[in-house]
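What follows is a set of notes on a single structure, which appears directly below.
The sequence lines fix the lettering, A, B, ..., with proteins before strands; numbering per chain opens at 1. Note that this is a predicted model, so its numbers are computed, not measured.
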2 protein chains.
Amino acid sequence: MATDDLMTRALDALGDDGPLSAEAIHHLAGLGDLGDLPGTMTIAEVAGLLDISPHTLRYYERAGLVEVARDGNGHRLYDAEAVRRLVFLTRMRLSGMPMRDLRHYISLVDAGAHTVPERLEVLVEHRDTIRRRIRELTLSLTAVEYKIATYGGSAGPDVQTLGAAR
Amino acid sequence: MATDDLMTRALDALGDDGPLSAEAIHHLAGLGDLGDLPGTMTIAEVAGLLDISPHTLRYYERAGLVEVARDGNGHRLYDAEAVRRLVFLTRMRLSGMPMRDLRHYISLVDAGAHTVPERLEVLVEHRDTIRRRIRELTLSLTAVEYKIATYGGSAGPDVQTLGAAR
DNA sequence: CTACGCCTTCGAGCGCGCTCGAACGCAAAC
DNA sequence: GTTTGCGTTCGAGCGCGCTCGAAGGCGTAG
């Protein structure tokens, strides 16, 4: 499958709500070019990069999702691999994957290459979950738009008329 | 805006994942024809209709979202208006509106017709929230699909290459 | 008469994902 | 030398949305 396909689909799906937010581009493009990551980063830098709090980063570490080295002062030093993993983790969190599943996935990664098939299963399952959620939300969106268009309070004309009006 | 427009958009957005689930149709069509609702329903009937637990229905009542009458035995009797409101409430919950906002909205409804503009504001804001969430999820979906297609573990080729491949 | 099943109220508990506060360490700035 | 600022660990707390359990009432079936 061509990369362009995916890009195009994502862009198309953006619809009529104006240009991409900087944040959206950020996440789509994988937070810029991961090639020019410094060798190591501080917790504040990673927090800024991922737009999450240092508290949350420590929490992810406690949860066993990443191992992070310390410098001479005991301060965290995130190497490129840790940062890459955290980019992945935050993307998955953002898309609604529960911590539980993330822990499972990471345990597979850490268990070695023979777990690749199972990792793919997890990803495929999550992909399907995202698709379901998008469909749910699209349906809800339609209902809300309809309600706005024909507003009549909580007991006003409701979406059931949609079916009849077909 | 024509009803058909909304219907078509919802249907189009369903994409390539097979036919609509019964549940999806259920919710899109507003749980069937609300016209043939019985005059009153028991808690079990409403729970079945909305696919939520009686516990949750009692919780919504405690939360002040609906008032429900009692029969001679103290059992809840949901009239058509209560059911219609609960249909609305569960749809909004499903689309991610927090209880807090739902309480606010319902307080507006109960406050009378002069709150209609503010109710519309709430709905429009929620609509925008849903749209943002759909866009977020679409982006995440693209990332996950890309990862599945080019799988290389949590540190494998990641979506940042998407930007470069443009 | 008793058991079953569904209902009631009330308050407590839970799973999730953070989020925070306390108490402290180290280092550069003033 | 003290203040400022950023970091550390640890455990507790929180907001959300349910979810459950206990203790009991009522009506029908056997």
(message) At a heavy-atom distance below 4.0 Å, what parts of residues 67-77 of chain B sit against DNA chain D?
(response) B/Asn73
(request) Measure the distance from CG on B/Leu50 to P on D/dC18 and round it to the nearest whole Å. (result) 12 Å
(request) Measure from CG on B/Leu57 to C1' on D/dC20 and round the result to the nearest Å. (result) 16 Å
(request) Could you tell me whether A/Arg84 and A/Glu81 make a salt bridge, using a distance below 4.0 angstrom between a side-chain N and a carboxylate O? (result) no
(message) Rounding to 10°, can you tell me the angle the first-five-pair axis of the helix from C/dC1-D/dG30 to C/dC30-D/dG1 makes with its last-five-pair axis?
(response) 20°
(request) Compare side-chain N and O positions of B/Arg58 against OP1 and OP2 of C/dT9 and report whether any pair is under 4.0 Å apart. (result) no
(message) Go through it in stages, so that I can follow the logic: the residues are A/Tyr151 and A/Tyr146, the test is ring pair (Phe, Tyr, Trp, His ring centres under 6.0 Å), and I'd like the CA-CA distance, side-chain angles, deciding distance and then a yes or no.
(response) CA-CA 8 Å; A/Tyr151 188 74; A/Tyr146 185 81; over 10 Å; no
Between protein and nucleotides 12-17 of chain D, what N or O pairs are separated by less than 3.5 Å?
residue : atom : partner  : partner atom : Å
D/dC16  : OP1  : B/Arg100 : NE           : 3.3
D/dC16  : OP1  : B/Arg100 : NH2          : 3.4
D/dG17  : OP1  : B/Met99  : N            : 3.3
D/dG17  : OP2  : B/Met99  : N            : 3.2

(request) Output yes when B/Glu145 and A/Arg131 qualify as a salt bridge under the 4.0 Å nitrogen-oxygen rule, no when they do not. (result) yes
(message) For a quick check of understanding: with a heavy-atom distance under 4.0 Å over all strands, which category does B/Ala63 fall into, base, sugar-phosphate or nothing?
(response) nothing
(request) Measure the spacing between CZ of B/Arg135 and CD1 of A/Ile134 and express it to the nearest 0.5 Å. (result) 12.5 Å
(request) Check the side chains of A/Glu118 and A/His104 for a donor-acceptor pair under 3.5 angstrom, ignoring hydrogens and angles. (result) yes
(request) Ignoring hydrogens and angles, tell me if any N or O in the side chain of A/Arg91 forms a donor-acceptor pair with the backbone of A/Ser95 under 3.5 Å. (result) no
(request) Mind checking the CG-CG spacing from A/Leu57 to A/Leu86? Nearest 0.5 Å is all I need. (result) 6.0 Å
(message) Using 0.5 Å steps for rounding, measure from the CG atom of B/Asp101 to the OG1 atom of B/Thr129.
(response) 8.0 Å
(request) Find the distance between CD1 (A/Ile52) and OH (A/Tyr60) and round it off to the nearest 0.5 Å. (result) 5.5 Å
(message) Check B/Asp110 with B/Arg85, please: is the shortest side-chain N to carboxylate O separation under 4.0 Å?
(response) yes
(message) What's the separation between atom CG in B/Leu123 and atom CE in B/Met92, rounded to the nearest 0.5 Å?
(response) 5.0 Å
(request) Please report, rounded to the nearest Å, how far the P atom of D/dC26 is from the CD1 atom of B/Ile43. (result) 18 Å
(request) Let me know the distance between NE2 of B/His55 and C1' of C/dT8, rounded to the nearest Å. (result) 12 Å
(request) In whole angstrom, give the distance that lies between atom CD1 of A/Ile52 and atom P of C/dC20. (result) 14 Å
